[in-house]
Amino acid sequence: MYAISRSSLIVLILLGLGFGIYPLVGDSYYIRLLTKIMALGIFAMSLDLLIGFTGLISLGHAAFFGVSAYTVVWFVVKMEILNAFLIFPAALAVAGLCALVIGWLSIRTAGIYFIMITLAFAQMLHAFFKDQHYWGGTDGINFNDKPMLMVGDTVLFDLSNKINLYYLTFSLMVAAFIFLAVLLRSPFGRAIQGVKVNEGRMRAMGYNINHLKLMSFVIAGCLAGAAGFIEATRTSFVNPEYLSWHASGNVMVMVILGGMGSLYGSLLGALALTLLGDNISSLWDHWLLIMGGFVIAVVMFMPDGISGSIESLSRRFRKASPPREETGP
Amino acid sequence: MDISYYLIQTLNGIQYGFLLFLVASGLTLIFGIMGIINLAHGSFFMIGAYLCWWLTSLFDNLFLGILAGIPLAVFLGLFIERFGIVYLYKRDHLYQVLFTFGLILIFGEMRSILWGNEVQGVMIPEMLSGAIPLTDTQSYPVYRLFISLVCTALAAALYLVIQRTRLGMTIRAGASNREMVQALGIDIAKLFAIVFAMGAALAAFAGMVAAPVQSVFPTMGDEILIVSLVVVVIGGVGSIKGAFLGAMLIGLADTFGAVFLPHGAGVVIYTVMAIVLLWRPQGLFGRT
Amino acid sequence: MTTLISSLSRRRLLLGTAAGAAAISTFTPTRFAIGQTAKLKVGLMLPYSGTYASLGNNITDAFKLRLAEVGGKLGGREVEFVQLDDESAPPKAKDNAARLLTKDKVDVLVGTVHSGVAMGMAAVAREENTLMVCPNAGAGALTGKNCSPNVFRTSFTNWQPGYACGPMLIKDGKKTVVTMTWNYPAGTEQIDGFKQSFTAAGGTVIKEILLDFPKVEFQAYLTEIAALKPDAVFVFFSGDGAVKFIKDYAGAGLKAKIPLYGTGFLTDGVLQAVGNDAEGIKTALHYVPDLDNAVNKKFVAAFKAATKREADVFAVQGYDTCTLLSVGLDAVKGDAKAGRTLYSTMQNTIVDSPRGRFTISAAHNPIQDFYVRQVKGGKDVLLGLAVKALADPATGCNMG
Amino acid sequence: MSEIILKTQNLSRHFGALMAVDDVTLSFERGLVHAVLGPNGAGKTTLINLLSGEIPPSSGSIHFKDQNITGLPANQISQLGIGRSFQKTNIFPIFTCFENCRLAAQSRMKGSFRFFRSARSYKQINALAEKGLEMCGLANRRDTIAQAMSYGEQRQLEIGMMLSTEPELLLLDEPLAGMGAEESLKVIELLKRLAKDHTLILIEHDMDAVFAVADRLAVMVNGRLLETGTVGEVRASKAVQEAYLGSDEEGH
C-alpha cells in the first residue's frame, strides 16, 4: 500500500530543492538537460502507475507520449495556434483517448499477451506517423514557435524562454507527483493496488477489474501525454521515434532502475539513466554496451531499484524501532 | 495488371511469410514452453545475417557461409540460455522484458564492434542469380524461389520433428501445459536449452537466407522482432500451426498492403492483428 | 607567458579595429581576448557510423584538406575540431547540437548529411545564434521556409538535382515514368523537383512508389514496375540502398527493358560495388569527377593523395564548406560572432569550387550548374550541361 | 415453508471430457446452513466457483432470489450480495488486516472512481471494515500485516473480508481447512453466530463441524448430486453411507 516513508520524504525534498534551485546557478546546457530529465520523470511516474501499482506491464507506453507530442505539432505547425491553455489540455485529451482505445482492446488479455499487444499497438501508431507525409515521415517535424501560456493576445509565460519552460516543467512534475500520491491514497488508488496484488480476489469482492485497469491505463496515458507536451515544446521537434518501442523500453528501464512502486524512484531513475547516458556517451562510441550490461545488472542484482536500496538502507539504520509486522504474540 | 502480376505478388508474400515463420516459430515455442518473453529473438535474425555476410566473404561462398554459420548460431543460443535466460525462469515477465531488452543493446553493440554499422550486401551465388521470365516484362528471381523451397523443407522438417519424435511430443506437451511436463519428470533444463537453441538457430538461419535479398543492416533485427510478435499474437502463444498461418497472413498482408496502400502500408499488419484480437483475444490457435 | 601573449594580442586587435569595436571590446573583453589566443572551435556533427558513414568521412577529410591548403587557420585562428557522430538519427539531432553549442561551446557548427538531422541542428544554431554551414543535407526548408541569416549551405536543395533531371528524360523521349524513393524528405523533395520540370515539359508520372527508409527490400515494387511498363524509371537512392537497387533492378530483368534514371546520388560512390549492372544509367548532378577545370584537377589529385580514395560530390561539398568559412572568417578576423558582417561576406562570395564557380543565393544556398552524366565503363562520364545556374526557388524564405 | 434464496437447474460444467459438475439441481433456503459434502474430486469447489461466477457453467442455470444470474461475472454476483471465501487462503498478504477488510468494504461504495479524498476518510467504509474484523475475531490484529499472521488467523481474515462486503449469502469453501483443533472451534463458533442472520453454503471435510452447524446437507460424488436432505435424512441414506460416509468412517 503506497505510503511516503521518512527516507523517501528526505529524498523527495532534496530532489525538489535541487531541481528548484539549479537554474539559479546552472548553465544553459544542463538547464536544457534537466528539463528533459523532469519530462522523462513525469513519463516514468506515469508508467510506474501501471507497472508498479496496477500490475500492468505495458511495453507501448511511449505511444501516448508521442501522440501528445504530435498534437502539439498539429496545433503549432498546422493550425498555427500557440496558446498552451488550448494545446496542453488537447494534448492530454488525445493521449487519454488513445489510451482508452488501446487499453480497451488490451486489458482483455493478460501476461505475455498484454505486453505484446501494447507493444504492437504502439508500433502501429509509430508506423502511422512514419508513413504519413503530413506528419513529416521518418524525419519528423521541426518548428520554430513554441507554445506559450496566454490569455487573449497577452502572453503570460513564453515557453521559448528556457528558464520559463524549466519552471513550468518543474511545476508539472511536482503536480504530477502530488496528484499520483493523492490518487494512490484514494479509494480508486487502493483498489488498483489491490488489483496488482491479487486480481482474482478483487473480482470476487465485487470490483470490476477491467474498469479499474482501464481507468488506470487512461490516467497513465494522460500523464505520459503531459510529458510528451513538455518534450515537444522543449525540442520544438517531433519524430516517430518518440513512439518507438525503444522509447517504451527506456522508460521502463528508468522505472525499474529507480525502483517501481515508489513514484520518487521513477524520478531518480530518469535522472540517473539520463545523466549516465549523457556522460558515458561522449566517452565511448559503444556506450550502449555498458548500458545493456547495466540494465541486466539491475535485473539481476537490484530488482528493487534505487528507491528499494534507499528504503532497506534506512531500515538498517533504524534498528531501534523494529518493523511493525514483528510485533504481537 | 494481369493474373501473372497477382501471382508474383502472392509469391513475394509467401516468401516473406516463410521467413517470418522461421523467426516466429522459435519465438512462440520459447513463450509457450519456457514461459519466457524473449525480445532479443530478433537479434538472432540480425546476427544470422551478419554471420552470413562475414562468413560468405571469408569463404567466398554463400552455402559454405550458411553451413558454418548454423553451428555458431546454435552455440550462441545455448550460451545465452545457459548464462542468461536460465536466471529468468522464475522471474516476473517484467524482468524478462528488461533483461532481454538489455541483451538487445549488448548484441547491437557487439555487432557494431565486430562488424561495424554499415549496410552490407551479400552476393547471390552465380547458380541462383538468374530470373525466370514469366511475361514480356515480368520475371521471378531464382534466389527467391530457392528461399521458399528451403523454408518449405525446413517447415516440413519442423513439423515432422514435432509430430513424430519423442522430443516433439515433449515439446507439444510443454506448449499446451507447462506444469504437466515439469510434473512428468522430464529433464526440464535440457528441454529448455534445446528449445531455446533451436529457436535461436531458426531465427539466425532466416537471417542468413534473407541476407542476399534484404541486405544486412543494424536495425533488421528490431523490424523482424516486432512483426514476429504480431505473428505470434495472431497465431496464439505456443502454437506452431498458428505461427505458420499467422506468418503467411502477415506476409501477404504486408506485400499487398505495400502495393495497394502505399501511404498506410505500415499500419496494415497491425490492423489485421487488431481484427483477429477482437474476434479471438487468445489468437487463432491460442488456449483460452 | 600566457598573460603576456594575451595582453599583447589584445592590443594588436584593438589597434587593428575601428573605435566602435574598441568600445565593444571593453564590454566584452574576454571574447576578444579569446578571439586571438584561443583556437577556433569547429563542431563537426556528421555521420561517422551507419549508412552515411563514408559520406561523413569524405566531407571531414576534404574539409581538413582545404584547411591545410589555406594554412591551417580560419580567420587567423588555429582550428580545434570537436567531432560528434550524429548517427543520422533525427531524434538525437537537437540534443547533440545543443551539446556542441552549449557544452563544448563550438564557434562554428558544420553538418550534416541527413536532412532531418540538419533541420534539428539549424533550429538549435538559430536559438544559440551560431554560424552553421551545411555540407550536404538538401532539406528545402533549411534555406526555404526555415531559412536563417546564420545558416549556410554549400551543397544543394533536394529540389535542385530533381528539377535538373526532368529535361534530360524529355530529351531522351521518355513520356511516362514511374518514380521510386524512400519515404523521407530527401527522397520526396527530389522526386517533387523532378516532377515539376518533367510534367511541365509534357511528361507523365504514372506511379510514385515510396518505401520506408532505409529498407531495401524492393521485390514487390519491381514486380509492380514490370506490370506498369513505363518508358523509364526515375529514382532517388544513395549509398548502399543505391547498390542494392541497381542490382535488384538488373536481377529482375528490367535493366534491358526499362531504362533507369536518377539524380546523381544513385551512382555516386557506388559504381565499384555494382559493377556491370550500372552501365548506361543516366543521372544529373552538380558535379562530375572528370570536370575539366583546374580547381577540380588539383582537388581530385590532392584528395586521392591524402585519403587513397576517389573524390566525389560529398568531398567537394566538404571542401567548399571550408573555403566559404575561410573567406567569411578572414573578413572578420576570426570573430565567429560578428553577425551581419560575417554573413554578408559569406553570401557575396563567389566560390571557386571543383564543381565550377558558384554563387550563394539570398537564402544562402548555392546557385550552380547541373550536369548530365552517364555510366560508361564503370565511371560517371560528363555528357553535357543539364541546367545552367540553377537556383532553388527558396519558397517561404524570409530572413527578417 | 421458507423462501428459496438460491437454486440451480440442471447445472453442468465440464473441462474437456471431464464432467466436474454434472446436471446438478439444488435449492438453498434462506436463513439455513447448507453443507455440501463429497470425496475429493466430487466437484464441490467447482460448484462453488459456478455459484460465485468465478467460472461460467457449460449448461444449466442459476437463480438468486428471482434473478437469473447464470454466466454473470464474479464481481456482479458479489455485488448482488453473495460473498465467498476461498479454500486456499486468498488475501492481500502485504496489506494490514484492516486494509484487507477495508478494501473489501470499499467495493460496496457507489461509483468506483473516487480519486481525491483519502480512502481512510470514508467513515461508513471504515465502520464496515471494523465490523468485519470484529466479527471474524481479528479486531486485536487490526494493524498487523496479513502475511505475518498464523495460518489460522489468515483463514479468519479470509472470512472477515467476505463479511465486510455485507453479503446475504455466504459461500464458504472449506473454512476449516488446515486448522488446528482450537482454531477450528473458534471458527465453528463464528459460523454459528453468522448463521443467525445469514444464509450459509459451505463445503467442509470435517464431519463433526458439519453436523454441528449444518441444517441441510447435499452429497456429491463424481460431479453428480447423490442425496439431499436434513442431517438425519442424509445420515440415514444407504447410498450415502456406501459412497461416502461409510468409507470415510472406515478410513478413520
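Numbers restart at 1 for each chain; the letters A, B, ... are given by sequence-line order, proteins then strands. Only a predicted model underlies this, so the values are computations on that prediction, with no experimental measurement involved.
Looking at B/Tyr95, the atoms closer than 4.5 Å to chain A (heavy atoms on both sides) sit in the backbone and in the side chain alike. For a residue to count as touching a neighbouring chain, one of its non-hydrogen atoms must lie under 4.5 Å from one of that chain's; by this rule A/Phe128 touches chain B with backbone and side chain alike. With a threshold of 4.5 angstrom between heavy atoms, A/His246 approaches chain B through its backbone and through its side chain. For B/Leu225, the part lying under 4.5 angstrom from a heavy atom of chain A is the side chain only. In this structure, the portions of B/Phe99 lying under 4.5 Å from any heavy atom of chain A include both its backbone and its side chain. For B/Val230, the part lying near chain A is the side chain, with the backbone staying farther off; criterion is any non-hydrogen pair under 4.5 Å. With a 4.5 angstrom heavy-atom cutoff, B/Val237 touches chain A via backbone and side-chain atoms both. Contacts between A/Leu288 and chain B at a heavy-atom distance below 4.5 Å involve backbone atoms as well as side-chain atoms. Proximity to chain B is limited to the side chain of A/Val295, based on heavy atoms less than 4.5 angstrom apart. For B/Leu278, the parts lying near chain A are the backbone and the side chain together; criterion is any non-hydrogen pair under 4.5 Å. Contacts between A/Leu289 and chain B at a heavy-atom distance below 4.5 Å involve backbone atoms as well as side-chain atoms. Looking at B/Leu94, the atoms closer than 4.5 Å to chain A (heavy atoms on both sides) sit in the backbone and in the side chain alike. Both the backbone and the side chain of A/Ile112 come within contact range of chain B, with heavy atoms under 4.5 Å apart.
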**OP:** Step by step, work out the side chain to side chain contact (heavy atoms under 4.5 Å, CB included) result for A/Met300 and A/Ile296.
**Re:** CA-CA 6 Å; A/Met300 302 285 287; A/Ile296 287 176; 4.0 Å; yes
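Inspection of the A/His286 and B/Ser112 side chains reveals an N or O donor paired with an N or O acceptor under 3.5 Å. Using modelled atom types and a 3.5 Å distance limit, the side chains of B/Asn12 and B/Gln15 yield no donor-acceptor pair.
Aromatic ring centres of A/Phe43 and A/His61 lie closer together than 6.0 Å.
Residue A/Trp135 qualifies as enclosed at atom CH2: its count of foreign heavy atoms under 6.0 Å is above 12.
Note: B/Phe44 and B/Phe196 have perpendicular aromatic rings, judged against thresholds of 30 and 60 degrees for the angle between ring planes. Taking the six-membered ring where tryptophan is involved, the planes of B/Phe79 and B/Phe83 are tilted, since the angle between them lies from 30° to 60°.
Of all the listed residues (A/Asp131, A/Val253, A/Leu105), the one sharing the greatest number of non-hydrogen pairs under 4.5 Å with chain B is A/Asp131. Taking chain A as the reference chain and counting heavy-atom pairs below 4.5 Å, the highest number among B/Ile113, B/Thr271, B/Leu277 is found for B/Ile113. Contact count versus chain B (heavy atoms, under 4.5 Å) is highest, among A/Met116, A/Arg108, A/His133, for A/Met116.
None of A/Leu223, A/Leu59, A/Val251 except one satisfies the side chain to side chain contact (heavy atoms under 4.5 Å, CB included) rule with A/Leu47; the exception is A/Val251. Put simply, the residue from A/Phe237, A/Tyr134, A/Phe129 that forms a ring pair (Phe, Tyr, Trp, His ring centres under 6.0 Å) with A/Tyr70 is A/Phe129. Considering B/Val231, B/Ile234, B/Leu249, B/Val227 as possible partners of B/Ile269, the one that fulfils the side chain to side chain contact (heavy atoms under 4.5 Å, CB included) test is B/Val227.
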